[in-house]
Number of protein chains: 2
Amino acid sequence: MVQIPRTPDPAPPAPLPVPTSTDVARRAGVSRATVSYVLNGSGTVRISEPTRRRVQQAARELGYVPHAAARALRSGHSRMVLVTAPSYPAGPIYHRFLDELQWALGRLGYTVVQHGTAPRHGARGPYSDDAARTWAELRPVAVLVPGSGLRPDAVDLLRRSGARAVLTLGPETVPGAHALLTDHEAVGHRAGRHLHDRGRRRIGVVVPTEPGHEVFATPRLAGVRRAVAGTTATVTELPLAYAEGDAARLAADWGPLGLDAVFAYNDEYAMLLMRALQDEGLGVPEDVALLGADDLMLGRLLRPRLSTVHLELPSGRDLAALVDRAVRDPAAPPERHTVLGAQVVHRESS
Amino acid sequence: MVQIPRTPDPAPPAPLPVPTSTDVARRAGVSRATVSYVLNGSGTVRISEPTRRRVQQAARELGYVPHAAARALRSGHSRMVLVTAPSYPAGPIYHRFLDELQWALGRLGYTVVQHGTAPRHGARGPYSDDAARTWAELRPVAVLVPGSGLRPDAVDLLRRSGARAVLTLGPETVPGAHALLTDHEAVGHRAGRHLHDRGRRRIGVVVPTEPGHEVFATPRLAGVRRAVAGTTATVTELPLAYAEGDAARLAADWGPLGLDAVFAYNDEYAMLLMRALQDEGLGVPEDVALLGADDLMLGRLLRPRLSTVHLELPSGRDLAALVDRAVRDPAAPPERHTVLGAQVVHRESS
DNA sequence: TTGAAAGCGCTACCAT
DNA sequence: ATGGTAGCGCTTTCAA
């Protein structure tokens with residue numbers, strides 16, 4: 001960070017005392033109870049119009065903002081939905097989904113808060129109790145955990161701390177938690193079947209070596225295997241780091257592999273590999289068919305245009321509704337939903 | 001969402017009462033005060049080892065998790081740093097930065113919470129008071145607002161609600177808030193100078209038509225203009241949507257433009273445009289030089305390899321230190337820092 | 001070394 | 001229609 005020359009700047013006003021509902025009450029000449037009634041529009045109690053006005057004006061003049069923590073403490077529950085940071089590097093698809101979810105939950109009166117305790121080096125394990133404890137301290141009414149690694153005891157901890165619903169969005173179910181299953185096995189299966197349908201018989205499957213991707217890569221690989229089970233086709237695992245050098249290495253050793261198709265994990269790895277293959281003089285799709293996933297824009301810009309598996313997360317509205325339902329009936333048995341739409345988009349590379 | 005058949009699932013236990021420090025005290029046979037001392041390791045008070053043990057064991061057995069809101073209420077301040085959702089579509093660079101920041105603030109004892117009130121269609125304006133109010137209700141000790149659009153009255157509202165520091169990370173300063181200035185004018189300037197140095201004289205600058213990008217695009221354009229001011233070079237604004245069709249349209253009308261270089265806003269737009277140009281038979285960089293920004297991996301995979309402006313956000317550690325400093329001395333005048341490292345990486349496209 | 005008690009800001013019950 | 005007041009879970013001074 002570089003300090004740049006600055007013109008003298010007016011110091012901010014000394015920290016004023018934060019106005020409370022008591023201040024509003026005093027200023028409006030009413031009791032705190034009345035203030036609360038006016039500002040929260042309690043259903044049962046009626047306040048006269050003049051009083052109501054005085055209170056609202058006093059609140060405005062003071063810049064009064066209610067204290068969410070105090071409210072939660074008193075009322076025994078918050079409207080906070082905590083979304084934890086995904087355990088994997090999230091892409092544009094996830095962010096669009098989260099945006100939608102936030103908006104939909106907002107309409108239902110919830111406040112969405114993201115907590116990014118990304119598991120760092122040296123952490124004891126995925127979603128160690130430490131992380132879950134931090135979440136629990138916030139006393140969210142619901143917790144959504146995208147990705148994998150949520151442990152059953154963490155679910156327990158959260159529920160015992162008052163969370164009325166715990167939901168996972170990922171490849172596995174966790175006891176006690178509602179599950180939105182992203183069925184990556186099905187993604188692999190679609191990919192495998194597509195390549196097999198196109199007449200390919202020696203299929204490679206890229207498995208990123210970067211940590212955090214196993215969650216998707218493993219079931220996708222299994223899906224491809226299942227797709228060609230009972231046929232003459234073979235499936236070969238292709239570890240690959242997201243780096244030019246590694247792709248070049250893989251491409252250089254391509255011959256002996258004898259592969260005629262690759263499901264490249266996603267569009268970005270596909271682009272990486274396509275480039276390396278082409279640089280090595282191999283033809284796509286003549287020599288080797290290439291299939292990505294995610295349907296990113298960049299796939300359409302490649303030559304040949306990249307075939308891909310288009311993925312679709314659940315609509316934010318649907319998920320918001322599920323959260324709301326779960327919160328209203330915390331004792332209901334966990335729901336399980338399959339939420340990952342997967343569809344092959346056939347373009348030119350396969 | 002598709003409901004899949006499920007085996008009957010054990011219903012979760014009826015919502016147990018959440019254990020409080022009173023429960024821990026009772027179980028350990030001590031007072032709540034003692035529990036607090038033990039669990040928070042108060043500096044002044046010494047608790048005997050046996051008592052300490054009993055308390056800790058009781059807490060463990062009960063699955064006790066302190067109530068952050070209650071604690072904040074009593075102590076008068078929280079350790080929550082609120083990071084609002086960026087007002088622009090955030091890329092991998094931002095996410096890496098945020099990760100780092102979170103980690104660094106965590107080490108300083110803060111809890112980072114992201115609040116995504118992304119300004120949606122129909123919202124009254126950028127960061128309307130509504131959004132700021134929601135933030136203020138959480139009574140964060142500090143608020144970091146990436147992007148632009150934070151209004152001075154929102155800063156005021158936040159400070160009057162007890163936020164000891166408000167920081168912006170973006171192209172503009174806001175009165176009352178610390179500013180981490182991402183100097184995109186400098187990015188444009190570097191880009192313009194590079195292209196001019198390479199002998200280009202008719203320079204196009206891509207300006208995305210998608211909303212939200214103006215914040216960057218406008219100053220970048222201005223920077224290019226400044227870089228060639230006083231020379232014979234010209235600068236042409238090139239509105240472009242992130243869609244194949246629009247790029248094709250632009251490329252089809254290329255001739256009359258008479259441009260020999262383009263600063264393409266970022267690597268993704270650069271890739272889009274490069275493809276369209278090449279499809280149109282134009283040579284990069286012979287006919288037209290192309291410069292991206294962000295230094296994404298995909299730039300290295302293009303042919304020719306994409307020249308780009310490498311951007312660097314401040315280190316999470318530095319920023320965490322600044323937040324901490326600002327929180328400790330809330331009356332200090334706002335700091336201003338320029339935090340965007342910009343450096344041209346010359347490859348083959350320019 | 002430990003406990004009693006006040007009080008943070010707020011809501012909701014019960015009076016008036 | 002409005003006010004008094006208890007108490008949510010916690011920390012911290014003051015006494016014992």
Side-chain angles (χ1 to χ4, degrees), chain A residues 17-56 58-59 62-80 136-141 160-162, chain B residues 17-56 58-59 62-80 136-141 160-162:
Chain A
V18 180
T20 72
S21 78
T22 305
D23 298 321
V24 178
R26 186 167 29 234
R27 179 156 191 136
V30 299
S31 76
R32 282 156 56 217
T34 306
V35 171
S36 178
Y37 290 142
V38 171
L39 264 31
N40 298 317
S42 155
T44 45
V45 187
R46 293 259 152 271
I47 301 289
S48 71
E49 198 49 41
T51 312
R52 172 185 239 72
R53 266 196 220 299
R54 284 217 314 288
V55 169
Q56 281 167 339
L62 256 34
Y64 170 73
V65 175
H67 192 307
R71 174 181 297 181
L73 189 57
R74 173 62 233 224
S75 65
H77 57 260
S78 73
R79 298 288 286 176
M80 182 196 299
E137 285 184 1
L138 299 174
R139 296 288 194 275
V141 67
R160 293 190 53 103
S161 310
Chain B
V18 180
T20 72
S21 78
T22 305
D23 298 321
V24 177
R26 186 167 30 232
R27 180 159 191 134
V30 299
S31 74
R32 283 157 54 215
T34 306
V35 171
S36 178
Y37 289 142
V38 171
L39 265 30
N40 299 316
S42 154
T44 44
V45 187
R46 294 259 152 272
I47 301 287
S48 70
E49 197 51 40
T51 310
R52 171 186 241 71
R53 265 195 221 300
R54 284 217 315 288
V55 169
Q56 281 168 339
L62 256 35
Y64 170 73
V65 175
H67 191 307
R71 175 181 297 182
L73 190 57
R74 170 64 231 218
S75 64
H77 57 260
S78 73
R79 298 288 286 178
M80 181 196 300
E137 286 184 1
L138 300 174
R139 295 290 193 277
V141 68
R160 294 189 54 102
S161 311

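Since the structure is predicted, the reported quantities are computational estimates derived from the model, not experimental observations. Below, chain A is the first sequence line, B the second, and so on; all start at residue 1.
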key: Separation of atom CZ in Arg160(B) from atom P in dG9(C), rounded to whole Å   = 15 Å

ask   = Do you know the tightest heavy-atom contact between Leu62(A) and Arg27(A)?
value = CD1-NH1, 3.3 Å

Value in whole Å for how far the C1' atom of dG9(C) lies from CD of Glu137(B) = 13 Å

ask   = Can you tell me how far C1' of dG9(C) sits from CZ of Arg71(B), to the nearest Å?
value = 18 Å

task = Using the test salt bridge (charged side-chain N to carboxylate O under 4.0 Å, His left out), find all partners of Arg26(A) that sit at least two apart in sequence or belong to another chain.
result = Asp23(A)

message = Distance check needed: dC14(C) P versus Tyr37(A) OH, whole Å only.
response = 11 Å

With sequence neighbours excluded, residues passing salt bridge (charged side-chain N to carboxylate O under 4.0 Å, His left out) with Arg79(B) = none

key: Sugar-phosphate, base or nothing in reach of Val35(A), heavy atoms under 4.0 Å   = nothing

ask   = With sugar-phosphate meaning primed atoms plus P, OP1 and OP2, does Ser75(B) contact a base, only sugar-phosphate, or nothing at under 4.0 Å between heavy atoms?
value = nothing

ask   = Measuring from Gln56(A):CD to Arg53(A):CZ, what's the distance to the nearest 0.5 Å?
value = 8.0 Å

key: Side-chain N or O of Thr51(B) closer than 4.0 Å to phosphate OP1/OP2 of dT1(C)   = no

ask   = Given that Leu73(B) and Ala33(B) both sit by DNA chain D, which one's nearest nucleotide is further toward the 5' end?
value = Leu73(B)

message = How many whole angstroms separate atom CZ of Arg53(B) from atom C1' of dT2(C)?
response = 19 Å

ask   = Which residues in residues 20-28 of chain B have at least one heavy atom lying under 4.0 Å from any atom of DNA chain C?
value = none

ask   = Just by distance, do the side chain of Arg54(B) and the backbone of Ala28(B) share a donor-acceptor pair under 3.5 Å?
value = yes

ask   = Can a side chain N or O of Thr34(A) be found less than 4.0 Å away from OP1 or OP2 on dG3(D)?
value = yes

query = Looking at Val55(A), Val30(A), Thr34(A), which one forms a side chain to side chain contact (heavy atoms under 4.5 Å, CB included) with Val24(A)?
reply = Val55(A)

task = Check the distance between dC8(D)'s C1' and His67(A)'s NE2 and give it to me in whole angstrom.
result = 13 Å

task = Measure from CZ on Arg74(B) to P on dC8(C) and round the result to the nearest Å.
result = 8 Å

key: Distance, nearest 0.5 Å, that separates NE2 of His67(A) from CZ of Arg71(A)   = 11.0 Å

note = From CD1 of Ile47(B) across to P of dT1(C) the rounded distance in Å is 8 Å

